[in-house]
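This report concerns only the one structure given below.
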Amino acid sequence: MRRTGGCAVSASLFLYALLGAVFCMLLVTGVVSCADTHPETVSASCFVVFDYTDASRAASQRLCVFVQTKSAVQRTGAITVAHTKSSYEWQILEPVQFAYGTNQWAGSTVLLPRAGEPVLQGAYTVTYRNKLDEEVLESFSVLYPEALVQALPADMPSVLGKSAAQKIAVYAENEKLLYYGAAKNTWKTADDMWKEYGSAVKSRRCYEYRSSKNCTVICMLPPDYRSKTQF
């Protein structure tokens, strides 16, 4: 069993947090009514992140899990994520809590697998507890191509299959995310991207692969750093 705290999550759903981004947060604070005591949830969502640091090594992996709540997210206590077959689990003792519009979530982006092992595939159970220790159960499944564990950046995106979607992440200093999405039509060359984001220092090509109903695989390729040339 591994214990973990929370980490900063941006207001733009999960992807900015998965990309290590620093953004304007909508972390949840404030007082909630005592009448809202019983925990209610919508679903649990997961992302498996394959993070490449250079072209010659396989990626490091981490699991990101969030529970969308109907009841006040401020009442979140702890969350347990357990792999059904192996019973390996993480206890998220200080979940990140954040809201986007009328939706709210609690969870963690830093669930690491056991040393030397990949993120386990298969079914997972999520136990969401409020501060009164009342529980709600959710579930999700992790599925990805076995070859991905040892794959190198050069194997992308073919190892993921035709359904993989390419995205671009553009960063300023201190991992601040400036843009995440498909390459813009106005970007005919990399210089066009650098010109549009004047404070950018690097970019990363990413591939998204929806592996199951509520789990997405994201492969983050090594960063490309901006030229010293000023545009």
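A quick note: this is a predicted structure, and the numbers were derived from the prediction, not measured.
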Quick one: does [X]'s side chain have a donor or acceptor within less than 3.5 Å of a partner on [Y]'s backbone?
{"X": "Q104", "Y": "Q97", "result": "no"}
{"X": "R226", "Y": "A200", "result": "yes"}
{"X": "N130", "Y": "L132", "result": "yes"}
{"X": "W90", "Y": "I79", "result": "no"}
{"X": "S86", "Y": "Y88", "result": "yes"}
{"X": "S71", "Y": "P39", "result": "no"}
{"X": "D191", "Y": "W194", "result": "no"}
{"X": "T80", "Y": "Q91", "result": "no"}

Does any part of the side chain of [Y], heavy atoms only, come nearer than 4.5 Å to the side chain of [X], both counted from C-beta?
{"X": "E135", "Y": "Y128", "answer": "no"}
{"X": "L148", "Y": "Y209", "answer": "no"}
{"X": "V65", "Y": "V126", "answer": "yes"}
{"X": "N103", "Y": "W105", "answer": "yes"}
{"X": "E40", "Y": "T69", "answer": "no"}
{"X": "V81", "Y": "E89", "answer": "no"}
{"X": "C64", "Y": "L111", "answer": "no"}
{"X": "V49", "Y": "M220", "answer": "yes"}

What verdict does the side chain to side chain contact (heavy atoms under 4.5 Å, CB included) test give for L160 and C219, after you've listed the backbone C-alpha separation in whole Å, the side-chain angles of each residue and the deciding distance to 0.1 Å? CA-CA 9 Å; L160 293 173; C219 297; 4.0 Å; yes

Lys/Arg cation over aromatic Y171: R204, 6.0 Å, 45° cone: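 No cation-pi geometry.
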
Does NZ or CZ of K184 lie under 6.0 Å from the centre of the six-membered ring of Y179, at an angle within 45° of the ring axis? yes

Measuring from atom [atom1] of [X] to atom [atom2] of [Y], what distance do you get when rounded to the nearest 0.5 angstrom?
{"X": "I92", "Y": "F66", "atom1": "CD1", "atom2": "CZ", "result": "8.0 Å"}
{"X": "M193", "Y": "K195", "atom1": "CE", "atom2": "NZ", "result": "12.5 Å"}
{"X": "L178", "Y": "S199", "atom1": "CG", "atom2": "OG", "result": "4.5 Å"}
{"X": "Q68", "Y": "E138", "atom1": "CD", "atom2": "CD", "result": "9.5 Å"}
{"X": "T216", "Y": "E208", "atom1": "OG1", "atom2": "CD", "result": "7.0 Å"}
{"X": "H83", "Y": "T125", "atom1": "NE2", "atom2": "OG1", "result": "10.0 Å"}

On a heavy-atom basis, which atom in [X] and which in [Y] lie closest, and how many Å separate them?
{"X": "V142", "Y": "L63", "answer": "CG2-CD1, 4.2 Å"}
{"X": "A55", "Y": "P153", "answer": "O-CD, 3.6 Å"}
{"X": "A151", "Y": "M156", "answer": "CB-CE, 4.5 Å"}
{"X": "P95", "Y": "G77", "answer": "CD-O, 3.3 Å"}
{"X": "N185", "Y": "K188", "answer": "O-NZ, 3.1 Å"}
{"X": "L112", "Y": "R62", "answer": "CD2-CB, 3.7 Å"}

Is the shortest side-chain N to carboxylate O distance from R75 to E134 below 4.0 Å?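 Result for this pair is no, no salt bridge flagged.
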
Has Q150 got more than 12 heavy atoms of other residues, nucleotides or ligands less than 6.0 Å from its CD? no

Path from V149 to V119 over hydrophobic side-chain contacts below 4.5 Å: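 Looking at the clustering, V119 is in the same group as V149.
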
Y207-F50 aromatic ring centre distance below 6.0 Å: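 No, too far apart.
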
Applying side chain to side chain contact (heavy atoms under 4.5 Å, CB included), run through T186 and E196 and close with a yes or a no. CA-CA 10 Å; T186 55; E196 180 171 349; 4.1 Å; yes

Look at the rings of F140 and Y124 and say which category their plane angle falls in: under 30° parallel, 30 to 60° tilted, over 60° perpendicular.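 Taking Y124 first and then F140, their aromatic rings lie parallel (interplane angle under 30°).
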
Check against side chain to side chain contact (heavy atoms under 4.5 Å, CB included), L120 and R114: CA-CA 9 Å; L120 295 174; R114 286 180 286 203; 3.8 Å; yes

